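These notes concern the structure reproduced below.
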Amino acid sequence: MFTSPFWENEYNLCIIASVDGLIFCVNHALLGNTTDKDANDLEIRIYNPATKNVLLLPRGSPSKKLPRIGVAFGPKINDYKVFRFFCARHNPPAEGKSRPNCYCEVYSSNTGSWRVIGHPPGFPMPANQGPLLGSNHIFLNGKVHWFVASKEDRKVPGSILTVDVEENFGKIDLPQKITKCSYLVNLEGCLSLLVVYDESRMLDIWILKDCHKLKWEKKCSVLSPFSELEPISAVVALKSEILFITGFHYLLYNVEDRIWRNLVNMPDPLEQRRHPAVFTYTESLLSTYGRPSDPEAGETSNGSST
């Protein structure tokens, strides 16, 4: 656990990723500084709890709807990219009215600026539980993965959108129709799909064993210990274990042993934080700026940036 130090604006602060000791956070712009055209914009910060350094990324392109964010890490140390999906307020005249107005831009730690990379084949869904600013994405095997809404029901995922570190888009079909209570996790190094069914409370675990042939394999189907009145707030996997945070419990499921463990009971769910976020974290001394730390480049230890 850590507190958000140094920066002034904590309105709707939400952690969306943790990679190699760097924590990526988003939140709305300060209400006092928000104009109509900025109402759908986000502030994106990168924070290293070990060094206490914070980097505020530059403003992205204006968007008609709330942007979606995802984080990728390259093969080199301190080489990261932040992908930002947005809907342009007006199509550029040269694009024509028939062109889609949804775009993706990328911020690279190598350049320190945003660059539009094209029209994505879909627009990522927001997190299915928790704050509106949350992001149900996962970075694995060189690609960022998001759910894309089904055409039949916009609250239910219909496919998976991907973008790799080389900025190529892709799509992964789901193994079957799923529910709105579904999650993507990294289970033993494989992209995995968790599906909870409301009525039966059964949990299906699917694993993408072959990321090239895109072939899904059902790992198991088990009865979950939480009730349909107990919403799931956050899910994360580490090795062969999956942690579920609900309104009343912290539950750990071991995929190999097929055993549930109740780690924490919440005697009063109102006392817990409104929107918990859970990620794996490894302490490091990496610079939030990406490239070798430069005091004049934007990274500070008091939450401001130039």
Side-chain angles (χ1 to χ4, degrees), residues 6-9 14-30 33-35 37-48 51 53-92 94-95 100-120 123-124 133 135 137 139 142-144 146 161-169 286-306:
F6 309 133
W7 57 79
E8 179 184 353
N9 180 18
C14 179
I15 299 174
I16 61 167
S18 170
V19 185
D20 288 351
L22 301 182
I23 294 177
F24 294 75
C25 308
V26 299
N27 61 322
H28 280 299
L30 282 172
N33 296 335
T34 300
T35 63
K37 70 175 183 178
D38 297 328
N40 287 318
D41 206 356
L42 298 173
E43 293 180 344
I44 305 173
R45 286 179 171 83
I46 304 171
Y47 170 53
N48 187 327
T51 63
N53 288 328
V54 183
L55 175 68
L56 173 63
L57 298 193
R59 184 70 57 90
S61 301
S63 181
K64 289 195 300 185
K65 62 190 297 186
L66 199 66
R68 304 285 183 252
I69 310 296
V71 180
F73 230 76
K76 298 179 181 179
I77 295 177
N78 264 27
D79 179 17
Y80 62 78
K81 291 185 176 181
V82 178
F83 293 94
R84 181 179 180 271
F85 294 79
F86 68 97
C87 291
R89 295 182 176 278
H90 302 286
N91 283 335
E95 296 283 350
N101 70 338
C102 292
Y103 296 82
C104 179
E105 60 186 355
V106 60
Y107 175 93
S108 170
S109 60
N110 292 322
T111 63
S113 60
W114 293 99
R115 175 172 50 86
V116 175
I117 60 175
H119 298 283
F123 198 80
L133 305 186
S135 178
H137 80 280
F139 176 67
K143 295 181 179 180
V144 190
W146 296 264
L161 168 68
T162 68
V163 60
D164 62 26
V165 292
E166 301 300 325
E167 302 169 11
N168 301 304
F169 296 113
L286 293 183
S287 166
T288 57
Y289 191 70
R291 290 169 286 175
S293 183
D294 179 354
E296 297 182 357
E299 182 183 59
T300 71
S301 59
N302 61 6
S304 61
S305 60
T306 58

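Heads up: numbering here begins at 1 and tracks the sequence. In this text the structure is predicted, and so the values were computed from the model without any measurement.
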*About how many Å separate CD1 of I23 and OG1 of T288, when rounded to the nearest 0.5 Å?*
12.0 Å

_Minimum heavy-atom distance between F86 and P62, given as atom pair plus value_ = CD1-O, 3.6 Å

*Hey, what do you get for CG (D79) to CG (L286), rounding to the nearest 0.5 Å?*
11.5 Å

*Flag, side chain of S109 to backbone of Y80, donor-acceptor distance under 3.5 Å*: yes

*asked:* Any heavy-atom pair between the side chains of K64 and N101 that's under 4.5 Å?
replied: yes

_Spatial distance of atom SG (C25) from atom CG (L57) [nearest 0.5 Å]_ = 11.0 Å

_For S287, is there any backbone N or O sitting under 3.5 Å from a side-chain donor or acceptor partner on N53?_
no

_Return the CZ to CG distance between F85 and L66, rounded to the nearest 0.5 Å._
14.0 Å

*Can you list the residues that meet the ring pair (Phe, Tyr, Trp, His ring centres under 6.0 Å) rule with F83, with sequence neighbours excluded?*
none

*Counting distance only, does the side-chain N/O of S63 pair as donor-acceptor with the main-chain N or O of C87 below 3.5 Å?*
yes

*asked:* Please give me the minimum heavy-atom distance between G70 and V144, naming the atom from each residue.
replied: CA-CG1, 4.3 Å

*Value rounded to 0.5 Å, distance of CZ in R68 from CG in L161*: 12.0 Å

*Atom of F123, atom of K65 and distance for their closest heavy-atom approach*: CE2-CE, 3.7 Å

*With sequence neighbours excluded, what pairs up with A17 under the side-chain contact (heavy atoms from CB on, under 4.5 Å) test?*
F24, V71, H137

*State, to 0.1 Å, how close Y47 and V54 come at their nearest heavy-atom pair, and which atoms those are.*
CD1-CG2, 3.5 Å

*Taking all non-hydrogen atoms of both residues into account, name the closest pair between D164 and N168 and its distance.*
OD1-N, 2.8 Å

*Return yes if some donor-acceptor pair links the side-chain N/O of R84 with the main-chain N/O of S61 below 3.5 Å, else return no.*
yes

*Taking the side chain as every heavy atom from C-beta outward, state whether H119 and Y103 have any atom pair closer than 4.5 Å.*
yes

*List the atom of P120, the atom of C104, and the distance in Å for their closest heavy-atom pair.*
CD-N, 3.9 Å

_So does G60 get a backbone contact from the side chain of E105, meaning a donor-acceptor N/O pair under 3.5 Å?_
no

_Atom pair CD1/CD1 of I69 and I44 - distance to nearest 0.5 Å_ = 3.5 Å

*Partners of V165 by side-chain contact (heavy atoms from CB on, under 4.5 Å), sequence neighbours excluded?*
A72, F139

